[in-house]
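Here's the structure, in structure tokens; my notes come after.
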Amino acid sequence: MRILAVAAAAWMLTGCLLSPGKFTADMTVLRGGGFSFAYKGDIHLLGLSQLIAMGAALDDSKAEFTPSPCYGEPAEVDAAVLKTAYVQEEQGSEDSEDWAEEALERECTPAEIESQKEAWEEQRAAKKAEDAKNIEIFKAMLGGIDPTSPDAIDEFITRIKKQKGWREVVHKGDGLFTVDYAISGRIDQDYSFPTIEKVQGITPFIVATARANNAVRIDAPAFAAGGQTSFMGGNMGGLMSILQAVGSSSNSEEAKIFANLPKPDGVFTLSTDGDILTNNTEDGPSVSGAMRVLEWKVNARRERAPEALISLNPA
């Protein structure tokens, strides 16, 4: 159950459900207040295979109990066999501990087998309850879509395609989607991508925040290795302690889960004819005609999420 807990923590750490993969993202902000945004590439629905495995494990009617070996006191074991084991141990044989253990192994009593079976059934029931609870949590995050259902992906795609901007959504397997998204509008109100109807807790890839002084702030929280944690702020403090405790071993299953999480890999370009007040690009703006262009190369090594502040000064 530790692995399930770590998987859940991993989803929360990376924005619960969605993460960018390979992509190109382009945003244009005009001083008159118009804007456009396009995202083309990969989006990962995190943990889908683990959730499906949880659902399959709930239907374990074919699971069979297998008794574990029982070991007795020396008096209950054949004396000649026991003597051989002790000799092996005294002679320093590499297999001495195994020999001694095997020598003490005996047939379990009916009462011992029954006790083992009761413990096995209790553990199985507890695991099923925990898995069912986790599935319900993520079902709520997905706005009621059961992630263990064979129809979950189709339902997810249908819901996305009902929204403006999603021109193409294709599932490539194991929660990996390739998408083509483009939208335009006015920047006098806040904008965020992606937003999916009823789906909870998505760390935005892009956030545009309109200010009262005719400026707009652009942030890209998901386009950085450390950006998501900083964007989510103090809520991550307790979770990070848990992650450090359960994932400390580089060879653990938990560590493998984190190592296999998708990493953002792409380019985010922001073009504007407004005044760029602040930005955190490597080289600052370049000029293309009447537009100033900011470019961020996004990868797993990028610690700070892209950000810029633009003055629009609409006429």
Practice task
Could you check if a side-chain atom of Pro194 sits within less than 4.5 angstrom of a side-chain atom of Ile202, using non-hydrogen atoms only?
Solution key: yes

Problem - salt bridge (Lys or Arg N to Asp or Glu O under 4.0 Å) partners of Glu114, counting only residues at least two apart - result: none

Exercise for the section: Would you name the heavy atoms of Arg292 and Pro285 that are closest together and state the gap between them? Expected result: CB-CB, 4.3 Å

Problem - Donor-acceptor contact below 3.5 Å, side chain Asn280 vs main chain Ala305 - result: yes

Practice task
Classify the angle between the aromatic ring planes of Phe37 and Phe193 as parallel (below 30°), tilted (30 to 60°) or perpendicular (above 60°).
Solution key: tilted

Handout entry: Listed partners of Tyr191 passing ring pair (Phe, Tyr, Trp, His ring centres under 6.0 Å), at least two apart
Key = Phe35

Practice task
Give me the one residue out of Phe23, Tyr181, Tyr39 that meets ring-ring contact (aromatic ring centres under 6.0 Å, His included) with Phe205.
Solution key: Tyr39

Handout entry: Test log, rule side chain to side chain contact (heavy atoms under 4.5 Å, CB included), inputs Val207 and Asp190
Key = CA-CA 7 Å; Val207 179; Asp190 296 347; over 6 Å; no

Practice task
Treating Ile, Leu, Val, Met, Phe, Trp and Tyr as nodes and any side-chain heavy-atom pair under 4.5 angstrom as an edge, say whether Leu312 and Ile276 lie in one connected cluster.
Solution key: yes

Problem - Test item: Phe65 and Gln116 side chains (from C-beta on) under 4.5 Å apart, heavy atoms - result: yes

Handout entry: Check: Thr66 and Trp120 side chains under 4.5 Å, non-hydrogen atoms
Key = no

Exercise for the section: Step by step, work out the side chain to side chain contact (heavy atoms under 4.5 Å, CB included) result for Glu307 and Arg217. Expected result: CA-CA 7 Å; Glu307 58 184 52; Arg217 179 180 172 88; 3.5 Å; yes

Practice task
Would you check if the side chain of Asn299 reaches a backbone N or O of Arg301 as a donor-acceptor pair within less than 3.5 Å?
Solution key: yes

Exercise for the section: Please answer: with hydrophobic residues joined when any side-chain heavy atoms are less than 4.5 Å apart, are Ile206 and Val169 in the same cluster? Expected result: yes

Exercise for the section: Give a yes or no on whether a salt bridge exists between Asp146 and Lys139, defined as a side-chain N under 4.0 angstrom from a carboxylate O. Expected result: no

Completion exercise
Sorted by chain and residue number, the ring pair (Phe, Tyr, Trp, His ring centres under 6.0 Å) partners of Phe156 (sequence neighbours excluded) come out as Phe177

Exercise for the section: Could you walk me through whether Leu18 and Val199 pass the side chain to side chain contact (heavy atoms under 4.5 Å, CB included) test, one step at a time? Expected result: CA-CA 10 Å; Leu18 301 181; Val199 175; 5.6 Å; no

Handout entry: Any donor-acceptor N/O pair, Arg159 side chain to Gly143 backbone, under 3.5 Å
Key = yes

Completion exercise
Only residue of Asp275, Asp273, Thr278, Leu270 satisfying side-chain contact (heavy atoms from CB on, under 4.5 Å) with Ile310 is Leu270

Practice task
Can you measure from CD1 (Ile113) to CD (Glu107) and round to the nearest 0.5 angstrom?
Solution key: 7.0 Å

Exercise for the section: From the options Ile218, Asp26, Thr281, Leu294, select the one residue that forms a side-chain contact (heavy atoms from CB on, under 4.5 Å) with Phe268. Expected result: Ile218

Problem - Interatomic spacing from CD in Glu168 to CD1 in Ile157 - rounded to 0.5 Å - result: 10.5 Å

Exercise for the section: Not counting sequence neighbours, which residues clear side-chain contact (heavy atoms from CB on, under 4.5 Å) with Ser36? List them please. Expected result: Thr28, Ser184

Practice task
Could you pull out all residues at least two apart from Glu295 that satisfy salt bridge (Lys or Arg N to Asp or Glu O under 4.0 Å)?
Solution key: none

Handout entry: Distance in Å, Asn213 CG paired with Leu309 CG, rounded so as to fall on 0.5 Å steps
Key = 7.5 Å

Completion exercise
Separation between NZ (Lys117) and CZ (Arg124), nearest 0.5 Å, reads 9.0 Å

Exercise for the section: Give the intermediate values and the outcome of side chain to side chain contact (heavy atoms under 4.5 Å, CB included) for residues Gln163 and Thr195. Expected result: CA-CA 9 Å; Gln163 298 177 216; Thr195 57; 4.1 Å; yes

Exercise for the section: With sequence neighbours left out, write down each residue that passes salt bridge (Lys or Arg N to Asp or Glu O under 4.0 Å) with Asp180, or none if nothing qualifies. Expected result: Arg167

Exercise for the section: Please answer whether the main-chain N or O of Val29 pairs with a side-chain N or O of Thr272 as donor and acceptor at a distance below 3.5 Å. Expected result: yes

Handout entry: Sidechain-backbone polar pair: Thr158 side chain, Asp154 backbone, donor-acceptor under 3.5 Å
Key = yes

Completion exercise
Heavy atoms of Pro221 and Pro204 approach each other most closely as CD-O, 3.3 Å

Exercise for the section: Look up atom CE in Met291 and atom OG in Ser271, then write down how far apart they are to the nearest 0.5 Å. Expected result: 5.0 Å

Problem - Val216 versus Ala208, closest heavy-atom pair with distance - result: CG2-CB, 4.2 Å

Practice task
State plainly whether the residues Asp265 and Lys263 are in salt-bridge range, i.e. N to O under 4.0 Å.
Solution key: no

Fill in the blank from the handout: Taking every heavy atom of Ala222 against every heavy atom of Pro20, the minimum-distance pair comes out as O-CG, 3.7 Å

Fill in the blank from the handout: One should read off an interatomic distance between Thr269 OG1 and Lys297 NZ, to the nearest 0.5 angstrom, of 10.5 Å

Practice task
Say whether Ile187 and Leu30 are linked into one hydrophobic cluster, either directly or through other cluster members, by side-chain heavy-atom distances under 4.5 angstrom.
Solution key: no

Problem - Common cluster, Val298/Val267, ILVMFWY with side-chain heavy-atom separation under 4.5 Å - result: no

